[in-house]
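Excluded from the calculations below are hydrogen atoms, water molecules and symmetry mates; all remaining heavy atoms, backbone and side chain alike, are included.
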Amino acid sequence: MQFEGKTVVITAGASGMGRRIAQRMSERGANTVIADINREQALELAAQLPSSLAVHCDVRDSVDVERARDGALERFGAVDVVMSHAGIATAGLVHEISETDWQRMLDVNVVGMARVVRAFLPHMLERGSGHFIMTSSSLALLGGHPVSALAVPYIASKAAVIGLAQAVATAHASEGINVTLFAPDATDTGWSPEPAAGEAGSRAGQVAAGLPRYARQTPEQAADVLMAALDAGSFLASATPDHRRLLRVQADALLDPSALWAEYEPDTAAHI
């Protein structure tokens, strides 16, 4: 993908993977719009990048998302790429997570992404071109990891992102709209939720204590995977090592997650 002179909007672009991806795209000549709920961090990053704009953006608020779009258009005239990256996670056993937490997770991770698509898609359709990058997770792409016991709402929300990305790609491919589904592996972004009920003696804590340790990639490694997929024109940008084989194993088992259980034994695998 050519980035020179293109305008890229990244939600949750001020820290972690989003920050590194913004830097990489800026290095290749893109105008970058850092749309983040943390305006101070967004301003700090935008000050470091040439041709960059920081905007406050909470994807739970349609007005906020539309304001980010309008700011990007006012500054740069057009938007070529939108990376919908904002997401949250909570940890705990499925029956112990409150309905409020479920609703918040889905509002940010699924409806929030739909708000972003809804805001930017008409502009792209009018231009006859545009590219969405939608961030899911390896946990949703590949089943069976033991940590799934503590991440059910997160996995459910990120599985919905897979469907959303496929549907948007199918619906608008003939109108010049491209989609990349980004599925990072376990990445050290500086924040990882501990189980909400993970105190000593709790059931969630006992489950967490029994989970195998898994390796974490760096945001730089995740950015490398995404940029390579964009350059190759691939729909899927999976950062999970050996994901092609694992996807085949999963497909041959008709999505039965037990087919991948052995892949996550401590002595045989280390990645989500």
Side-chain angles (χ1 to χ4, degrees), residues 10-13 15-21 59 83-92 94 97 101-102 104-114 116-117 132-169 179-195 208 211-226 228-230 234-244 246-247 249-251 255 257 260-261 263-264 269-272:
I10 305 177
T11 67
S15 61
M17 281 181 281
R19 182 185 185 92
R20 186 58 186 129
I21 290 163
V59 298
M83 182 172 183
S84 191
H85 183 63
I88 59 173
T90 190
V94 61
I97 294 173
D101 284 341
W102 268 95
R104 179 170 175 264
M105 179 89 62
L106 294 172
D107 192 25
V108 174
N109 294 4
V110 184
V111 183
M113 193 164 291
V116 172
V117 173
F132 286 102
I133 303 167
M134 303 184 190
T135 301
S136 180
S137 167
S138 57
L139 282 173
L141 186 68
L142 295 161
H145 195 284
V147 80
S148 300
L150 295 175
V152 174
Y154 178 77
I155 292 171
S157 69
K158 291 300 186 177
V161 171
I162 295 174
L164 177 61
Q166 291 175 324
V168 172
V179 178
T180 297
L181 175 65
F182 181 37
D185 207 72
T187 306
D188 188 2
T189 58
W191 66 277
S192 293
E194 296 300 325
L211 293 177
R213 296 292 180 181
Y214 54 86
R216 289 188 178 276
Q217 297 177 337
T218 65
E220 288 75 17
Q221 289 170 317
D224 286 344
V225 167
L226 177 60
L230 291 172
S234 301
F235 172 76
L236 176 63
S238 172
T240 299
D242 206 18
H243 66 273
R244 292 179 182 272
L246 296 175
L247 284 168
V249 170
Q250 183 169 260
L255 304 185
L260 293 177
W261 287 350
E263 301 289 341
Y264 303 116
H271 293 279
I272 286 182

Checking side-chain contact (heavy atoms from CB on, under 4.5 Å) for the pair Leu139/Val147: CA distance, chi angles, key distance, verdict? CA-CA 9 Å; Leu139 282 173; Val147 80; 3.5 Å; yes
Worked check of side-chain contact (heavy atoms from CB on, under 4.5 Å) between Ile155 and Ser148: CA-CA 7 Å; Ile155 292 171; Ser148 300; 3.6 Å; yes
If you measure from [atom1] on [X] to [atom2] on [Y], what distance do you get to the nearest 0.5 Å?
| X | Y | atom1 | atom2 | value |
| --- | --- | --- | --- | --- |
| Met113 | Ser84 | CE | OG | 4.0 Å |
| Gln221 | Leu226 | CD | CG | 14.0 Å |
| Arg19 | His85 | CZ | NE2 | 12.5 Å |

[X] side chain to [Y] backbone, donor-acceptor under 3.5 Å:
| X | Y | result |
| --- | --- | --- |
| Thr240 | Ser138 | no |
| Ser238 | His243 | no |
| Ser234 | Ala237 | no |
| Asn109 | Ile88 | yes |
| Lys158 | Thr135 | yes |
| Gln250 | Gly143 | yes |
| Glu220 | Arg20 | no |
| Thr180 | Ile133 | no |

Do [X] and [Y] have side chains that get closer than 4.5 Å, going by heavy atoms?
| X | Y | value |
| --- | --- | --- |
| Leu141 | Leu247 | yes |
| Gln217 | Pro184 | no |
| Asp185 | Pro241 | yes |
| Leu246 | Leu260 | yes |
| Ile21 | Phe182 | yes |
| Trp261 | His145 | no |
| Met83 | Phe132 | no |

Can you name the closest pair of heavy atoms from [X] and [Y] and give their distance?
| X | Y | result |
| --- | --- | --- |
| Ala86 | Thr11 | N-OG1, 3.1 Å |
| Ser136 | Tyr154 | O-OH, 4.4 Å |
| Tyr264 | Pro146 | CB-CD, 3.7 Å |
| Val179 | Phe235 | O-CD1, 3.4 Å |
| Gly18 | Ile10 | O-CD1, 4.2 Å |
| Ala160 | Val110 | CB-CG2, 3.8 Å |

Tell me, with the steps shown, if Asp107 and Val59 meet side-chain contact (heavy atoms from CB on, under 4.5 Å). CA-CA 8 Å; Asp107 192 25; Val59 298; over 6 Å; no
Stepwise, does the side-chain contact (heavy atoms from CB on, under 4.5 Å) test hold for Thr90 with Arg104? CA-CA 10 Å; Thr90 190; Arg104 179 170 175 264; over 6 Å; no
